[in-house]
Amino acid sequence: MQSVWTLLSWGSEGWLDDIAYGAFITVCLALATLPVGLLIGFLIALSKQSNERSLRLAGDIYTTIFRGLPELLTLFLVFYGAQIGIQQVVRLFNPDAAIEVNSFVSGMIALGVVFSSYASEVFLSAFRAIPHGQYEGGFAVGLSKAQTMRLVVLPQLIRIALPGLANLWLILLKDTSLVSAIGLTDILRQAGVAARVTKHAFLFFGIAALIYLGLAILSSIGINAIERWVGKQEVQR
Amino acid sequence: MRIAMRIALAASAALLALGTAQAQEKVVKIGTEGAYPPFNNLTADGKLEGFDVDIAQALCDEMKVKCEFIAQDWDGIIPALQAGKFDAIIASMSITPERKEKVDFTNKYYNTPPAIAAPKDSDLKGVTKEDLAGKTIGVQASTTHFNYSSATYTDSTVKPYPTAQEYQLDLANGRLDAVNDDIVVLSQWLDSPDGACCKLVGTITPVEDIHGPGAGIAIRKGETELRDQFNAAIDAIRANGKYKEINDKYFKFDVYGG
Amino acid sequence: MSASTQTADSVERPPLPPHGWSRQRVLGTALVALWALLGVGLVAYLVSAWNTEMFQKYAPGYVSGVGITISLVAISIVAGAILSVPVAYGRMSRNPVVASLAYAYVYFFRGTPLLAQAFLVYYGFGSFRPQLDAIGLWSFFREAFNCAIFAFSLNTAAYQAEILRGAIQAVPKGQWEGAASLGLHKIQTLRKIILPQALIVALRPYGNEVILMIKGSAIVAIITVYDLMGITRLTYSRTFDFQSYLWAAIIYLLIVETLRHGIDWIERRITRHLKR
């Protein structure tokens, strides 16, 4: 029986390098998903606070679906479904084309839509917290609609939405663990392989849990720093 | 170094690969599981090895094409083939009527019987439905063994696991009373230090409708050219001794079967 | 006041929303049409892929899967609710040891993925079989279903403790003081004055927690429990027919939407006295 320290060493004997690689993939996936989710979430929030009924309806359908489905199921739907769907569309134009939606991209899309549907709610309540006078003021000083959004509304919006978005980021970090089920070598999958091979299941899953905890703590520190920085900006004005 | 390479690999794999068939040197992409020793397994440094992999390499050499191996979880391996992630599955996949509805198969390239293993202190006498009544049986999901167990041992609880290694873990710690898998896979495990907990109870007579004629190479429906090439290559390596060479590297008996 | 409003009325107002087909309306209609198209496509696909033989073979499995999902969530939520009381008490305690222990508990279960917790309990405890056997707990942890219940209860207890704490602290301090001045005991105050008010605040978060658990419970499929998701994966692995996932999606959406509307209805009922 190998000692615990050999199992946890770096290199071909131990599993530390493999788990570190898993942690790298987890962080990459979360970081790659974040901008996608934020962008879609913002657009959905825009459509939901629009005066146009059909836009609101379209946005509501989106959030109802993706907040109602289990994240794991969304992931499988994207991983298997999108692949078959895109394949069929592409084959219409080029019968020889082989398109591949791999597990990283599937994870990014699935987690991105889930993130965006929750983020849209955060953005929406932030939009509602911004008084109408801000828009009118923007128009009054001669800014265009887009300029008002970019220069007047957005800076306030981000500040109000920040705590909610920070919370969603922590959820996203945890949800990345689901991609281990579709074969992406993230923290949990690497820990699972190590557990199977070495039969030290408690050790490796415990370490995996601690790494997630570490990532959460690191994120909290980062989020606090951002919040302080944003707060300082506000004071300066 | 290894990490850097894997990071680079992951980064390139993260891109949506849109490739059209290339004309020059033909590349055949082979999907396999990598968690089913001794047939296919991932080594500690992430390379695929095993009987399936060696056979696949020999077949590709025979067909004068370049082989590329891709590891894929078992329960998604047929969808991945259909989606074009690879061109052929060489992963000890049994040729069954159920699978034939979705994919085409070559002729078999080996055939070994299924078997039952149990903890050393088990009182199991045989492998019939009555022997296993009331017991919990572990199998790998989406396999002929799962189909056989759920169809035959209707008085038992059949639990599907994602890979063979998970049911091995649960047999060793006593969550399972028995497991059902290929005899070669079970024997290899039982002979290893990890398998010291358990013993072989007996083999199961294969059922044609469930187990099929053996393990074949799966390809997308209608790609008859590739299938014919593989069939010819199987015959060729059987004839020129290459098959026997690989067989003897892994096994003490002939796995091709009767 | 009224005079100034009138002058404001007479000055220039922002332009009225344009009538007819603005860009927004075109976009919105197109998006709604896209959803409708997807919906029609889904129905058409399910109708075209309908296979009575397959339905008869797999539908009973789905029904039992829904049963497993619901019982798993119901048991975990109730067990978690019971467990959350001491945790919430610990979180509000003035004793630093108790408070930090409770904080660590909550932080651990909220900071790590439920899937990792489930693996830790199922496979991790599996490696302590001799020790668990010795204290007679192995027969509990032998079953994957029990392991799932155990992990889920601990997890949801952490979330519910925070909900409970937030709700109790949302009740103004004056309520406690008022009750104390009327000579009510602390427990009486909590039960008769604080909790009824706190529950109104807590209803929505509790409802969300139930919904999150229903969605989160899908991961037990990975530790060999045949819940709705487990049955779905099983069906897919045998048929390779994509509709097995679509049916699961429809069932999950139905459950979640029913719950959501149920919670809305309850909330409207119990806050009637707050409406004017």
Can you tell me if [atom1] on [X] sees more than 12 non-hydrogen neighbours from other groups inside 6.0 Å?
| X | atom1 | answer |
| --- | --- | --- |
| B:Trp189 | CH2 | yes |
| C:Phe55 | CZ | no |
| C:Tyr103 | OH | no |
| C:Phe108 | CZ | yes |

### Query
Can you find a side-chain donor-acceptor pair between B:Asp170 and C:Tyr122 that sits under 3.5 Å?
yes
### Message
Closer than 3.5 angstrom, by distance alone: can the side chain of C:Arg129 be matched with the main-chain N or O of B:Arg175 as a donor-acceptor pair?
### Response
no
### Query
Side chains of B:Trp74 and C:Ser237: does their closest heavy-atom pair fall under 4.5 Å?
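Sidechains of C:Ser237 and B:Trp74: no contact.
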### Query
Is the shortest heavy-atom distance from the side chain of C:Tyr236 to the side chain of B:Asp75 under 4.5 Å?
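No, their side chains stay 4.5 Å or more apart.
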### Query
Side chain, backbone, both or neither: which part of C:Phe242 has an atom under 4.5 Å from a heavy atom of chain B?
neither
### Task
Quick one: pull up NZ in B:Lys102 and OG1 in C:Thr239 and give me the separation to the nearest 0.5 Å.
6.5 Å
### Task
Rounded to the nearest 0.5 Å, what's the gap from OG1 on C:Thr224 to OH on B:Tyr167? Could you check?
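Answer for the OG1-OH pair, C:Thr224 versus B:Tyr167, is 14.5 Å.
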### Task
State, to 0.1 Å, how close C:Leu234 and B:Phe146 come at their nearest heavy-atom pair, and which atoms those are.
CD1-CZ, 3.3 Å
### Task
Please test C:Tyr123 against B:Glu166 for side chain to side chain contact (heavy atoms under 4.5 Å, CB included), starting from the C-alpha separation and ending with a verdict.
CA-CA 9 Å; C:Tyr123 288 117; B:Glu166 272 108 1; 3.1 Å; yes
### Task
Give the member of B:Pro79, B:Ala172, B:Ala141 that has the highest number of heavy-atom pairs under 4.5 Å with chain C.
B:Pro79
### Salt bridge B:Asp177-C:Arg142, side-chain N to carboxylate O under 4.0 Å
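Salt bridge: yes.
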#### Entry: Region of B:Val103 in contact with chain C, defined by heavy-atom distances below 4.5 Å
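For B:Val103, neither part sits under 4.5 Å from chain C.
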